[in-house]
Amino acid sequence: MQADEQKAAIERASQTLAKIGHNPLGADIAISDLLGVIKNYEQIISERDKTIALRSAQLVASTSNAYSFLDSLNMGFVMCDVNPEVVVANDSIRNMLSSGLNQNPAEMTWNLSTLSSIFTGFDLKNLIQTSLQSNQSIQKDAVNCGSKILQIFIAPLTNQVEKGNFQHIGAVILFEDITEKKMLERSKDEFLSIASHELRTPLTAIRGNSSMIKKYYGAKIADTDVAEMIDDIHDSSVRLIEIVNDFLDVSALEQGKMQINPEDFILSEVVADIVRDLDNMCKAKGVVLQSDPTLSSLPQVHADKQRIKQVVYNLIGNATKFTDQGTITIRAKSDQKFAYISVIDTGRGMSPENQKLLFRKFQQAGSSILTRDTTKGTGLGLYISKLIVELSGGSIGLEYSAEGKGSSFVFSLPLASAKLS
Amino acid sequence: MTKILLVEDDPVINKMYSRLFKLEGYEVVVAVDGLDGLEKLKTFTPDIIMLDIMMPKMNGVEMLGKIKENPATQNIPTIVLTNMSDMRVSNEVFAKGVNLSIIKSEMEPDMVISWVKSVLAKAEKDSGKSIQ
């Protein structure tokens, strides 16, 4: 009923009363008028009652829809007010926690203190308050709850009171059961170490035995073809071992499981070792492998010595593969925080298209997957080097490359002196 | 003649190393796991012990511990064979006093022989005793 309708009705009632007051003879007419107004009001009230009933029913329906929607969610859903205290807790969270703790859900109380006490080493109430105060959502990645592992996400809820003015009405907490995902990760780990043992053992036997045949029974092998075949068996086993090592390195790096033991060390010593190892191969090709004096004056770097040796070996090894004449030079410089080491060759160089493929998994800089030079390794070397260098707090990249002229690769490592800042 | 106790559970690897040492003129006694190794040590005193890490019944780390606890065997130099996946174990074995750790898959026979010889030479120097 509109406000003006009400106003009109009241007008009529007071006019009628006024009439009675002024003219007692017109009382009958006035009273029947009043009765009419009252009946009008009765109708209005009855209509309003029906509307209220309808709205109530609609509200109950949408609330129970909301509840059944919440209960059907796979995730645990808890809503709390600003105190904070639990307002809504869906079926999933009740099931998750009761099965994780091996308790009957009917026997558990669902208030914030109980919920908080369920998680060890983790204060849920505190975290909700922090989320509300900072108006930021918070995520906790692996929280233990009895036999289950959960991921918890807290988000503050706000209501727009008036334009631009927000008010906190509480928080929503989502719980995801990641127990299976974590178990899968653990079994991936075990697979990695079992696979590594399994693959390496027969490879060790092939490598060792073929080597021993050459060394101790070489005189018995009159046939040069047989000697050559044994050489091939040996070389293949060495290559296979390198490939297995590469695969396992990639696995470990991608899963964040590679063990890194950083220390302060002098890089020029590491480079000198590698130069010594690869010198013969370069000399055989007529290539000069040299390190620049700038390398010996480099201050100490802070990284895992063995892993950086692997990176330097990869870069110089690559340069050796792709350079048939001229020089391979290792040069260094530094600033306040980093050491920068370049490996510069006068080799074949790469086209711009091939340069784009560098540092990616398995992609040797080549045009088609069929046109692969399989004698040149798995193509994982640069990818592994990139992951190792980045894990060490540095970066790696191609400085330049030109076909027929050569290439220069550079990587950076944090200085030992910089780590305290 | 240099005496070596070889403790390795994989039959192919076991055979390979024992053949290598025999070809180099060593006297070789083999054991197939940590327990067997300790048993053999009761009647055989080697100049050097070479042991694998991953073995059934008693692994290399445990056996190394037992060797070092026994006054009769604690001064015998030891070389541990790893397969890289058990690199995490490295610190543990060095803490127990192993002389050297070799990665099996990186091995060429002459490298193994020169390592054994250098460990023996150093032990000889340290103890003042001569080993034929």
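Every chain is numbered from 1, with letters handed out A, B, ... down the list of sequences. Every heavy atom of this structure was used, including side-chain atoms; hydrogens, water molecules and symmetry mates were not.
More than 12 heavy atoms of other residues, nucleotides or ligands lie within 6.0 Å of NZ in A:Lys214, so this atom counts as buried by the packing criterion. In the displayed structure, A:Lys140 atom NZ is contacted under 6.0 Å by at most 12 heavy atoms of other residues, nucleotides or ligands. By the 6.0 Å contact criterion, CZ on A:Phe265 is enclosed, its count of non-hydrogen atoms from other residues, nucleotides or ligands being greater than 12. Within a 6.0 Å radius of CD in A:Glu228, no more than 12 heavy atoms belonging to other residues, nucleotides or ligands are found. B:Met111 CE: more than 12 foreign heavy atoms inside a 6.0 Å radius. Applying the 6.0 Å contact sphere to NZ of B:Lys117 captures no more than 12 heavy atoms from other residues, nucleotides or ligands.
By number of non-hydrogen pairs under 4.5 angstrom with chain B, the leading residue of A:Val238, A:Asn209, A:Thr204, A:Ile206 is A:Thr204.
Contact annotation: the side chain of A:Leu203 never approaches that of B:Lys104 to less than 4.5 Å [non-hydrogen atoms, C-beta and beyond]. When side chains are defined from C-beta on, A:Met212 counts as touching B:Arg19, because their heavy atoms get closer than 4.5 Å.
Heavy atoms closer than 4.5 Å to chain B are found nowhere in A:Val244, neither backbone nor side chain. Heavy-atom distances place the side chain of A:Ile241, and not its backbone, under 4.5 Å from chain B. For B:Ile13, the part lying near chain A is the side chain, with the backbone staying farther off; criterion is any non-hydrogen pair under 4.5 Å.
In this structure, OH in A:Tyr216 is found 7.0 Å from CG in B:Asp110, a value given to the nearest 0.5 Å.
Ion pairing between a basic and an acidic side chain is recognised when a charged N comes within 4.0 Å of a carboxylate O; B:Glu108 and A:Lys215 show no such pairing.
A donor-acceptor pair is defined here as one N or O able to donate and one able to accept, closer than 3.5 Å; such a pair exists between the side chain of A:Arg207 and the backbone of B:Ser105.
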